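Accompanying notes for the structure given below.
Here is how names work: the chains are called A, B, and so on, in the same order as the sequence lines, proteins then strands, and each is numbered from 1. Nothing here was measured: the structure is a model prediction, and the numbers come from that model.
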Protein chains: 2
Amino acid sequence: MPEDRLSTTLSALADPTRRAILARLSLGEASVGELAEPFEMSLPAVSKHLKVLERAGLISRGREAQWRPCRLEAAPLRDVNSWLDSYRRFWEEKFDRLDAYLQELQKVDPDAEKN
Amino acid sequence: MPEDRLSTTLSALADPTRRAILARLSLGEASVGELAEPFEMSLPAVSKHLKVLERAGLISRGREAQWRPCRLEAAPLRDVNSWLDSYRRFWEEKFDRLDAYLQELQKVDPDAEKN
DNA sequence: TTTCTAAAAAACCTTTCAGTTAAATAACCT
DNA sequence: AGGTTATTTAACTGAAAGGTTTTTTAGAAA
C-alpha cells in the first residue's frame with residue numbers, strides 16, 4: 001500500500017535489524033553471509049531484509065562468483081533528510097525556548113543551582 | 001518486543017496519512033475532526049493514526065471542552081535527524097562525485113551544452 | 001560429473017496493521 | 001433530564017510483516 005517512495009524508505013528504516021545492516025554497510029561492502037553473522041536469525045530472514053532495503057533503493061547488489069556483495073546507497077536517506085528539513089525549525093525553536101527559560105531562571109534566582 | 005524509540009518513530013512516519021497529519025499540525029493546533037476532514041477515511045481510523053503518533057511522541061493532546069486539540073511535538077524528529085547525520089557524508093560524497101563527473105565532462109567537451 | 005558453498009525462492013505460520021461499522025464516553029446546550 | 005457534538009473503544013476483517021524450514025539455483029572446486 002505505501003506506494004510512495006518516502007513511505008517505502010521510512011518503513012524500510014523502521015526496523016532495527018535493517019538499520020544495523022546499513023550501519024555495517026557504512027563501513028564498506030559486505031556479502032549476505034557477512035551481514036547475517038551478527039544476528040540470531042536465519043539467513044533467509046536476513047535475505048528478506050536485504051530485499052526490503054533493495055526495494056527501497058537503500059542498497060544495491062553486485063555479483064562476484066557465488067557472492068552478492070551489498071553496498072549502501074544513500075540517496076533515499078537524503079530524501080528523508082529533505083523531508084525532515086521542513087520540520088527543523090520546530091525542534092530548534094523548542095530548544096530556543098528552553099534556552100530562554102533557563103536564562104530566565106538564572107536571572108530570577110542566580111544561585112538556585114547551589115542548593 | 002520492547003521496541004526501540006527510533007523504530008517506533010520511523011514506523012509512525014512511514015505512513016502518508018500520518019505525515020499529512022503532521023504537516024497540518026505544523027500550521028498549528030487542530031482538533032481530531034479538523035485533522036480528519038481532508039481524508040476519505042472514517043473518524044476512528046484517524047483517531048487510531050493519532051494514537052500511533054502520540055505513542056511515538058510526535059504529537060501531544062490537550063483537553064478543551066469536548067475537543068482534544070493536537071499539537072506537533074518535534075523532539076522525535078530531531079532524533080531521526082541525529083541518526084541520519086551519521087550517513088550525511090554518503091550522499092554528500094555522492095554529490096561530490098557527480099560534481100567531479102560534470103566538471104570532467106566540461107573539460108573534455110566544453111561546448112556540449114550548446115548542442 | 002559430483003559435491004560444496006552462497007544466496008534466493010517457496011510454502012507456511014503468527015502477529016501486527018490499517019481500515020471498517022457499531023456502541024460507549026464525555027462534555028456542552030437546551 | 002434529554003439531545004447533540006466530538007472522540008474513543010470494541011469487535012471484526014483482510015492484507016502485509018517478519019519469522020521459520022525446506023527446496024532451488026548458481027557458481028567453484030574436486
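- As a whole-Å value, the separation of B/E34 CD from D/dT7 C1' is 13 Å.
- Closest-nucleotide positions on DNA chain D for B/R68 and A/A65 were compared, and the one nearer the 5' end corresponds to B/R68.
- Less than 4.0 Å separates DNA chain D from at least one heavy atom of each of the following residues of residues 12-32 of chain A: A/D15, A/R18.
- With rounding to whole Å, A/M41 atom CE is found 13 Å from D/dT21 atom P.
- The nucleotide whose nearest atom lies closest to any side-chain atom of B/S47 is, among D/dT9, D/dT8, D/dA6, D/dT8.
- For the pairing with A/L53, the side chain to side chain contact (heavy atoms under 4.5 Å, CB included) check across A/I59, A/L72, A/L25 returns one residue only, A/I59.
- Closest approach of B/G57 and B/P76 over heavy atoms only: O-CG, 3.4 Å.
- Counted within 6.0 Å of CZ on A/R71, heavy atoms from surrounding residues, nucleotides or ligands total more than 12; the atom is thus considered enclosed.
- In this entry the distance linking CG of B/L35 with C1' of D/dT7 reads 12 Å, nearest Å.
- Nucleotide C/dT25 holds its C1' atom 12 Å from the CD atom of B/Q66, rounded to whole Å.
- A/L43 places its CG atom 14 Å from the C1' atom of D/dT22, with the value rounded to the nearest Å.
- Taking only side-chain nitrogens and oxygens, B/R61 comes nearer than 4.0 Å to OP1 or OP2 of D/dT8.
- In summary, the side chains of B/E73 and B/S60 do present a donor paired with an acceptor at a separation below 3.5 Å, with no hydrogens or angles considered.
- Taking atom CD of residue B/E40 and atom P of nucleotide C/dT20, one finds them 10 Å apart after rounding to whole Å.
- To the nearest angstrom, C1' of C/dA7 lies 15 Å from CD of A/E64.
- Atoms NZ (A/K51) and P (D/dG19) sit 15 Å apart, rounded to a whole Å.
- Taking every side-chain heavy atom of B/W67 into account, D/dT7 is the closest of C/dA7, D/dT7, D/dT21.
- The side chain of A/H49 places no N or O atom within less than 4.0 Å of a non-bridging phosphate oxygen (OP1 or OP2) of D/dA17.
- A side-chain donor-acceptor contact under 3.5 Å links B/R19 and A/S7.
- For B/K48, no side-chain nitrogen or oxygen approaches OP1 or OP2 of D/dT9 to under 4.0 Å.
- Looking at heavy-atom distances under 4.0 Å, A/R63 makes no contact with the nucleic acid at all.
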